[in-house]
Every structure is written in structure tokens, then in C-alpha cells.
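Shown next, in C-alpha cells, is the structure this report addresses.
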Number of protein chains: 2
Amino acid sequence: MSVAAKPLNPRKTPLQGRSRATCDAILEAAARILESEGRQAFTTNHVAELAGVSVGSLYQYFPGKEAIVAVLVRQMRREMLDDFKEAVRQSRGEDLPGAARALVRAAVRHHLRRPALAQVLEREEADLPLDAETGQLKQRLRELVVGVVADHGVAEPDVAALDLIAMCHGMVDAAVQGGERDFAQLCARLERAVLGYLNAGDIRR
Amino acid sequence: MSVAAKPLNPRKTPLQGRSRATCDAILEAAARILESEGRQAFTTNHVAELAGVSVGSLYQYFPGKEAIVAVLVRQMRREMLDDFKEAVRQSRGEDLPGAARALVRAAVRHHLRRPALAQVLEREEADLPLDAETGQLKQRLRELVVGVVADHGVAEPDVAALDLIAMCHGMVDAAVQGGERDFAQLCARLERAVLGYLNAGDIRR
DNA sequence: TAGAAATGTGAGCAATTATTCGCATCATGA
DNA sequence: TCATGATGCGAATAATTGCTCACATTTCTA
């Protein structure tokens, strides 16, 4: 009955080129299965088969399937954070609408690469014992956005950042789920939402 | 390898009072497990145990665990839709801010009852073959909101409704996940977002 | 080129979970 | 009250999936 806290970190770091390729194949196969067949099809045997390697090889590098997901999640996170850092860099010297545009672009770009995968991994994250890491990521992302809005004199930048992130997240999520592909138009609507929210705040004081 | 499309609908409708109670116990146990122990603990045997009935009884009414989740999801949906219908009724004759307030209240109320459960069920929905039903629900919800915003002369009511629903969804989700409990303040922020979005639209034309 | 170290293999065992079935108990109506 | 159908039970079994291990192959290095 005890859960025994299974390890999530890779078992062994690949040293040679071919083992690196094996790991990549496993990760890619896992991603493909998650994004197009769903979690019930996500079994170690199936992942290995699709990757063209044996289960034994899989277990040489990953202690279990959760560990594979953990790597994918971390990859996604790093990309997302990088996108946002770049957006913040670009937004220096811009006015508020310009800054909003840069941030919104980052939020969309993150889902642009592999929309279905991004969505699944976010759901998967909830079942993974990565709470501390997840918290850190959210915190950094929030700080980035807080910095930008604070620079433009927005009141209560902390709350505003939280809300802006959440509303953009919701809108992008819905758009992807609904199969929208016109990302330029989506960006425009996100900007409208962001600027609208910020304006409404100004009006009140 | 074939998935064989398992049935999702209840097997037998309970006729006597005690069987009704059995079903309720099963559904409640399932809900409790999902909201506090997570999906990995959601097994038929465990559900039956917590419900205080035998597995046999469980399988008498549900062809599998997905069927239990399906019932819970449908229940949640009905409640949500009812909340929104009521909100629309209340919003008749109100001005735009008043209408926004009513809709926002409905969006929050839906998560107020059992926040953790609502969140889990939404995730669970994605793995269930209920796409048609899900689509219908979203459509009806959208129509309700379209009606309200159109009444107030909002341009492109269709797109606006979609965006408003999505942004509120995202914000409520984030708030619940973050453990927020001050729902009044959350409502205020949602209203700000909604009205801000609608205003930003007006400004453009 | 020989030995060592790394990597790859997949049948098969272990563990978990889903599901059934024969039988006991309870409710109903004639 | 008895008979019949509904409901409940849970050990036993089926099915799935996780995971290991003894051995084969490849690469490295000295």
C-alpha cells in the first residue's frame, strides 16, 4: 500500500553517441504517443516499441515511465522560460502596448511548436511529484511579468502579473483545444485582453 | 492492441431505494478519491472499499471505472450549465457591468462547491470519449454568453464570448490551483478582466 | 587486435488491477 | 407466506503492465 516514492531522475547518463540517440528516440516516441494516442496507450513497452528499442534499454536510462514524462516536462519548461526571458529583453524600451505584444507572442510561441504535446504535458504535470519545481517555474515566470508591468507603473503589479498569466493561459488553451490555427489573430485578441485588463485597473484609481 | 470501445453508460438503472444509495455511495467515493488521492489511487476495488460496497455491486451498475467518471463529469456539466442559465436570467435588464457580474459569479460558483473535484474532472474529461457531448456543452455555454454580450451591443459577440469564457476559466483555474479562497476578490478581478476586454474592443472602433 | 566497458535485447516473471460468477440476502406483490 | 426478482457479496481468475536479468553486440582503448 505504501507508495515508496519512485525515483524520477534518469538512471544513467548516456556516454556514447548511440546511447544518446536511444534516449532521444525514447523521448520522442513518448511525446508522440502522449500527443496522439493518449495516456492509456503510454506504456513502457509501447514506448520502447515505437522508439525502435527494447524495453531493457528504456529501463537502462529511465527508472520508470514517470521519469520520461518528467524529462519532457522539464524540457518544455525550459523552452517556455527562455521564450519569456527573450520577450522581456525585447520589451525593454517599448511602451506598454509594445511590451504586451512581446509577452503575448512568447505565450503563443510556446504552444506553437507542438500544441497537443504542450497541452498533454501540462495535464501530466499535475500527477507528477514536481510540486517544488513547478512552483519555482511559476514564480520565475511571474517575476518576469511583474518586472515588466511594474516598469510601466501598473498598480499592484504582483496581482496583475498573476491574472495576466492566467488569462492568457486560458485563452491560448481554449484556442489550441478548439483547433484554431490563426495565431496572429489569437495574438491580437490576447493583446486586447491584456491591455483591457490593465486599462480597467487605471480607470478605477 | 485494439481498444474495443468500452461502454461508458451505466449498466442497470437502480430501481429500489437501497440500490440508489449504493450508486450514490460509489459516485461519492469516486469523487473523494479523485479529489484527494489522485488518479493512481482511483481503482475499482478501492472505490468499492471506500464506498462500503463490494466490487461486484460496483460492476452491477457501472461497466468500468470510466463510466463512473463519465457520470461525475455529466453531473458537473449539468450544474455548471444550470448556474449559467440562472445567471443569464438574472442579468436581464442589467447594464453591461451588471451582466458581467452575474456571469462571473456563475463561473466562480461552479468551482466553489468542490474546487479540487472540478479541477480533476476537467482533466479527466480529456481522456474520456465524450467529445461530442463536450462540444455540445461548450456550444450551449457559448450561446448563452453570446446572447448576453450581443444584447449589449458588443461587436463580434461570437469571438468575444469565446474569449471571455476562456479567460475566466484560466483565471479561476489558476486561483483554485494557487489555493485562493477569497472568492469575492477573485470575482472583482474577473469583472475587471471582462469589462476591460470589452472596453478595449470598443476603443478600437 | 584483445580485453574491457558500454550498450542493446526480449522472453518471462512479478505486481497490479479489472472483472466475473455462484451464491446469500433482501424487498415486493400475490 | 411464499415465490420471484432485485440487490449484494468477495474470493477467484483474467488481463494488463511494469520491470529484470542473463546474455549478445558494439565501441573504446591501450
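Numbers restart at 1 for each chain; the letters A, B, ... are given by sequence-line order, proteins then strands. Worth knowing before you read on, the calculation uses all heavy atoms, side chains too, and leaves out hydrogens, waters and symmetry mates.
- In this structure, the CG atom of A:L50 is 17 Å from the C1' atom of C:dG10, given to the nearest Å.
- For the OP1/OP2 pair of D:dC19 and a distance below 4.0 Å, the side-chain nitrogens and oxygens of A:Y59 include at least one atom meeting the criterion.
- Between the P atom of D:dA11 and the CD atom of B:E49 lies a distance of 12 Å, rounded to the nearest Å.
- Toward the 5′ end of DNA chain D lies the nearest nucleotide of B:G52, the other residue of the pair A:K65 and B:G52 mapping further downstream.
- Counted by atom type alone, B:E122 and B:H169 present one or more donor-acceptor pairs between their side chains at under 3.5 Å.
- Checking D:dC9, C:dT20, C:dG10 against the side-chain heavy atoms of B:V55 singles out C:dT20 as nearest.
- Protein atom CG of A:L58 is 13 Å distant from nucleotide atom C1' of D:dT20, rounded to whole Å.
- Straight-line distance from the CD atom of B:E66 to the P atom of D:dT16: 13 Å, rounded to whole Å.
- Looking at which nucleotide of DNA chain C each of B:P63 and A:S54 is closest to, the 5′-most match is held by A:S54.
- Rounded to whole Å, atom P of C:dT7 lies 7 Å from atom CD of A:Q60.
- Where B:F42 and A:R18 each meet DNA chain C at their nearest nucleotide, the meeting point lying more 5' is that of A:R18.
- Checking A:R77 against A:T134 by side-chain atom types alone, a donor-acceptor pair falls below 3.5 Å.
- Counting only distance, with no hydrogens or angles, the side chain of B:Q119 and the backbone of B:D173 share a donor-acceptor pair below 3.5 Å.
- Taking 4.5 Å as the limit, every side-chain heavy atom of B:V104 sits out of range of all side-chain heavy atoms of B:R192.
- For C:dT7, one of the phosphate oxygens OP1 or OP2 lies less than 4.0 angstrom from a side-chain nitrogen or oxygen of A:S19.
- Of the side-chain N and O atoms in B:T43, none sit less than 4.0 angstrom from OP1 or OP2 of C:dT16.
- Residue B:Y61 has a polar side-chain atom (N or O) positioned under 4.0 Å from OP1 or OP2 of D:dG8.
- In this structure, B:Q16 places its CD atom 17 Å from P of D:dT4, rounding to the nearest Å.
- We find that CG of B:N45 is positioned 13 Å from P of C:dT16, with the value rounded to whole Å.
- Annotation for A:R123: atom CZ counts as buried by contact number, over 12 foreign heavy atoms lying within 6.0 Å.
- Here the C1' atom of nucleotide D:dT17 and the CZ atom of A:R39 are 16 Å apart, to the nearest Å.
- Within the nucleic acid shown, B:G17 has no heavy atom closer than 4.0 Å to any nucleic acid atom.
- Side-chain nitrogen and oxygen atoms of A:T44 include at least one within less than 4.0 Å of the OP1 or OP2 phosphate oxygen of D:dG18.
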